[in-house]
Amino acid sequence: MLLVYIPLVSLVFVIYVKWRLNYWKRRGLFQLDPEFFFGNTRNEVLGSVSKFEVFRDRYLYIKSVNRKQCGMYAFLDPWYLPVDHQIIKNILQRDFSYFENHGMYHHEKDIVSMNLFNIEGEAWKQLRVKLTPSFSSLKIKTMFQILLDKTTILEKIIHSYSSENEPINIKDMMRRFTSDVIASCGFGVEANSMEDPDNEFTRVGMEAFYPGLLKFFLIETFPAGLLANLGLRSNGYKTSKFFSDLVTQTLQYREKNSISRSDFLQLLLELKRNKTMTDNEIIAQCFIFFIAGFETSSTTAMFAMLELAQNEGIQNKLRDEIRSVLGKHGGDLCCDAVMEMEYLDKIVNETLRKFPPGAVIPRRCTKTYKVPGTEVVIEKGTRVIIPVWGLHRDPEFYPNPEEFNPENFSTENKAKRPDIAYIPFGEGPRMCIGLRFGVLQTKLALIALLRNFKHTLNSRTKTPIEIDPEAIFVLNIKGDVWLNVSKV
Ligand code: HEM
């Protein structure tokens with residue numbers, strides 16, 4: 001009997017898989033050739049290649065065969081990949097109401113997962129409205145002094161490396177700088193990770209960022225309710241507990257001692273006093289500010305330094321600008337001085353173009369959508385991938401996309417391409433809420449590193465660089481980046 005059933009069940013399975021992997025063809029959409037069962041994601045799931053590079057190259061391939069969009073499969077799950085800039089713009093802006101969710105795992109039992117990035121629909125809208133004032137230019141100006149204090153520490157540390165003629169591991173140093181900034185501006189906690197390498201904050205941040213491919217696969221594949229009830233914590237049990245305890249204790253301390261401080265937690269505490277936010281909601285938002293804020297900015301500063309260390313002319317020009325603007329401000333590193341540094345702005349933009357931390361942006365279709373100007377219909381529930389890195393490396397928008405050229409951001413060159421060709425912070429109502437803060441901390445790190453020091457690439461840095469396949473949420477380099485530093 002078994003001999004009859006096994007081949008029969010196998011046959012039914014094969015037919016089912018093939019039928020699933022024909023989903024896009026049946027809907028009249030060009031599709032990437034899927035592999036049996038794995039679809040188009042085998043190499044990413046096995047960790048042999050970075051999913052960010054895969055999507056960048058897919059974008060370039062699909063454009064090269066003159067297609068505007070395509071279908072693909074994560075195992076048997078159909079995903080939609082637009083490459084036409086107008087379709088992408090519609091999804092992110094005009095037709096946002098069809099694609100308002102990131103489609104990320106979240107469940108109430110997993111407190112930190114209920115954060116602004118993950119939650120959906122009406123709950124997201126309401127929370128976004130409540131949190132937006134916390135990130136206004138004015139609020140960020142009130143945190144400037146905290147940022148400045150951390151910048152001064154960074155500069156002192158760089159000074160000691162140069163005096164001792166020691167190379168700096170800039171990847172690690174930038175992580176420590178941004179985690180100290182966010183811990184302090186976020187919740188008034190002095191993480192001191194720049195001075196204390198074994199600090200808990202950096203460890204916790206790394207655990208959240210590198211969950212491992214297996215856990216990522218589970219989260220992407222199985223229903224959130226099932227996983228949460230089985231005890232899964234998307235960002236690790238220790239990370240969740242660390243944040244819950246830290247925020248709860250800080251909240252209690254401030255309430256008990258009537259302490260007020262100009263940081264994000266204070267703004268959340270005011271929402272709690274107005275009865276518009278609960279303790280658990282506060283914990284989740286503190287968590288996402290830390291997680292979304294530290295690795296994105298630290299990799300931006302790291303990639304910028306990697307480029308500058310290899311482009312002496314650009315590095316010198318930037319240092320000249322920093323010195324000249326600070327000179328006009330009597331040597332005072334103030335918010336206005338940072339805003340006046342136009343070349344620095346171009347360099348940060350060019351870094352975010354060449355190496356966008358959010359190299360793909362996920363969306364979930366929330367209402368069945370007909371792609372304008374085509375017959376293609378995207379069903380409710382379909383995963384959509386916005387190929388940010390592909391747009392940023394598209395020769396149609398950037399004539400020499402592999403070259404690090406800050407002049408890509410001259411007024412003249414910006415006017416030559418559509419705005420949507422540059423979206424390191426996403427676009428539309430769901431774009432990054434911490435944009436200003438992220439850019440400011442990156443710029444301050446670069447000022448501290450460059451105004452009095454010259455950097456070159458140390459031979460311990462592996463070139464050409466490799467992208468880390470295990471970096472799942474934020475684009476990163478495999479291995480470390482070492483720089484020689486000397487006083488100028
Ligand atoms: C260079 C620095 C940064 C980059 C490149 C970056 C990039 C991004 C991107 C690509 C998104 C998704 C946007 C979309 O779906 O359209 C995002 C969302 C988000 N970012 Fe950032 N980010 C940065 C810094 C920060 C900082 C400093 C914070 C907080 C302190 C932050 C908090 C968030 C949050 C909470 C969201 C979710 C917004 C929502 O879903 O409504 N980010 N970021």
Side-chain angles (χ1 to χ4, degrees), residues 52 88-89 91-93 96 99-104 106 112-121 123-132 134-136 139-140 143 146-147 174-175 177-179 181-187 205 209 263-265 267-268 281 284-304 345 347-364 384-389 391-392 420 422-446 473-476:
F52 299 130
I88 294 176
K89 194 174 163 127
I91 289 175
L92 295 177
Q93 286 181 335
F96 173 74
F99 301 96
E100 58 185 27
N101 296 334
H102 280 134
M104 302 296 281
H106 58 284
V112 298
S113 74
M114 296 298 287
N115 62 61
L116 186 69
F117 195 95
N118 293 352
I119 63 169
E120 304 190 333
W124 166 75
K125 272 186 207 141
Q126 288 182 13
L127 186 62
R128 177 96 192 192
V129 170
K130 285 184 216 167
L131 294 178
T132 298
S134 319
F135 290 90
S136 69
K139 284 275 165 11
I140 286 167
M143 295 174 197
I146 307 180
L147 279 146
M174 290 300 94
R175 261 184 194 148
F177 170 73
T178 55
S179 54
V181 169
I182 306 257
S184 188
C185 290
F187 1 95
F209 262 102
D263 56 24
F264 291 125
L265 186 62
L267 303 162
L268 300 179
E281 283 172 322
Q285 307 331 310
C286 284
F287 172 77
I288 193 65
F289 293 168
F290 180 70
I291 291 304
F294 107 104
E295 184 84 341
T296 45
S297 302
S298 75
T299 51
T300 308
M302 174 202 71
F303 278 119
D345 195 53
I347 283 175
V348 172
N349 285 336
E350 176 64 351
T351 308
L352 288 167
R353 175 196 73 80
K354 203 171 166 194
F355 300 106
V360 293
I361 297 179
R363 285 281 193 270
R364 183 81 76 193
V384 175
I385 298 290
I386 306 296
V388 177
W389 207 8
L391 285 165
H392 288 192
I420 203 80
Y422 178 66
I423 49 167
F425 296 97
E427 186 49 87
R430 195 126 202 184
M431 84 186 285
C432 177
I433 199 170
L435 181 159
R436 288 194 197 93
F437 190 84
V439 169
L440 182 62
Q441 65 171 341
T442 306
K443 286 183 175 174
L444 284 172
L446 295 181
F473 299 116
V474 167
L475 180 73
N476 212 334

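Whatever order the structure lists ligands and atoms in, that order sets their numbers, starting from 1. This structure is a prediction, so every number in the text was calculated from the model and none was measured.
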Residue and atom name of the nearest protein heavy atom (relative to atom 16 (O) of ligand 1), distance in Å to one decimal: Arg363 NH2, 3.0 Å

Proximal candidate to atom 29 (C) of ligand 1 [heavy atom criterion; set Phe135, Phe290, Phe437]: Phe135

Part of Ile361 within contact of ligand 1 (heavy atoms, under 4.0 Å): side chain

Atom 35 (C) of ligand 1 [closest protein heavy-atom partner, distance rounded to 0.1 Å]: Ile433 CG2, 3.6 Å

Which atom of Thr442 lies closest to which atom of Gly438, heavy atoms considered: OG1-O, 2.7 Å

Modelled atom types, side-chain donor and acceptor of Gln441 and Thr178, under 3.5 Å: no

Shortest non-hydrogen contact from Arg363 toward Glu427: NH2-O, 3.9 Å

Atom indices of ligand 1, in the order listed, that fall short of 4.0 Å to a heavy atom of Trp124: 39 (C), 40 (O), 41 (O)

Atoms in ligand 1 with a heavy atom of Pro357 nearer than 4.0 Å: 5 (C)

Close approach, His102 and ligand 1, non-hydrogen under 4.0 angstrom: yes

Minimum-distance protein heavy atom relative to atom 7 (C) of ligand 1: Pro424 O, 3.5 Å

Aromatic plane relationship, Phe355 with Trp389 - under 30° parallel, 30 to 60° tilted, over 60° perpendicular: tilted

Closest approach of Ile361 to Ile423 (non-hydrogen atoms, all atoms of both residues): CD1-O, 4.4 Å

Identity and separation of the nearest protein heavy atom to atom 36 (C) of ligand 1: Phe117 CD1, 3.8 Å

Ring center gap for Phe135 and Phe289 short of 6.0 angstrom: yes

Residue Thr300 vicinity, atoms of ligand 1 by number, heavy atom under 4.0 Å: 1 (C)

Minimum-distance pair of heavy atoms, taken over all atoms of Asn118 and Met104: OD1-CB, 3.4 Å

side-chain contact (heavy atoms from CB on, under 4.5 Å) between Arg364 and Val384, intermediate numbers included: CA-CA 6 Å; Arg364 183 81 76 193; Val384 175; over 6 Å; no

Heavy atom of the protein closest to atom 40 (O) of ligand 1 (residue, atom name, distance): Arg430 NE, 2.7 Å

Protein heavy-atom partner closest to atom 24 (C) of ligand 1 - residue, atom, separation in Å: Thr296 OG1, 3.4 Å

Under-4.0 Å salt bridge between Glu295 and Arg175: yes

Closest candidate by heavy atom, reference atom 39 (C) of ligand 1, pool Lys125, Glu295, Arg128: Arg128

Close-contact set for ligand 1 against Phe289 heavy atoms, below 4.0 Å: 29 (C), 30 (C)

Atoms of ligand 1 close to Gly438 [distance to a heavy atom under 4.0 angstrom, numbered from 1]: 27 (C)

Shortest non-hydrogen contact from Thr351 toward Thr300: CG2-O, 3.4 Å

Residue part near ligand 1, for Glu427, under 4.0 Å between non-hydrogen atoms: backbone

Nearest atoms (heavy-atom pairs only) where Phe117 meets Ile288: CB-CD1, 3.8 Å

Protein residue, atom and distance nearest to atom 33 (C) of ligand 1, heavy-atom basis: Ala292 CB, 3.7 Å

Minimum-distance protein heavy atom relative to atom 17 (C) of ligand 1: Cys432 CB, 3.5 Å

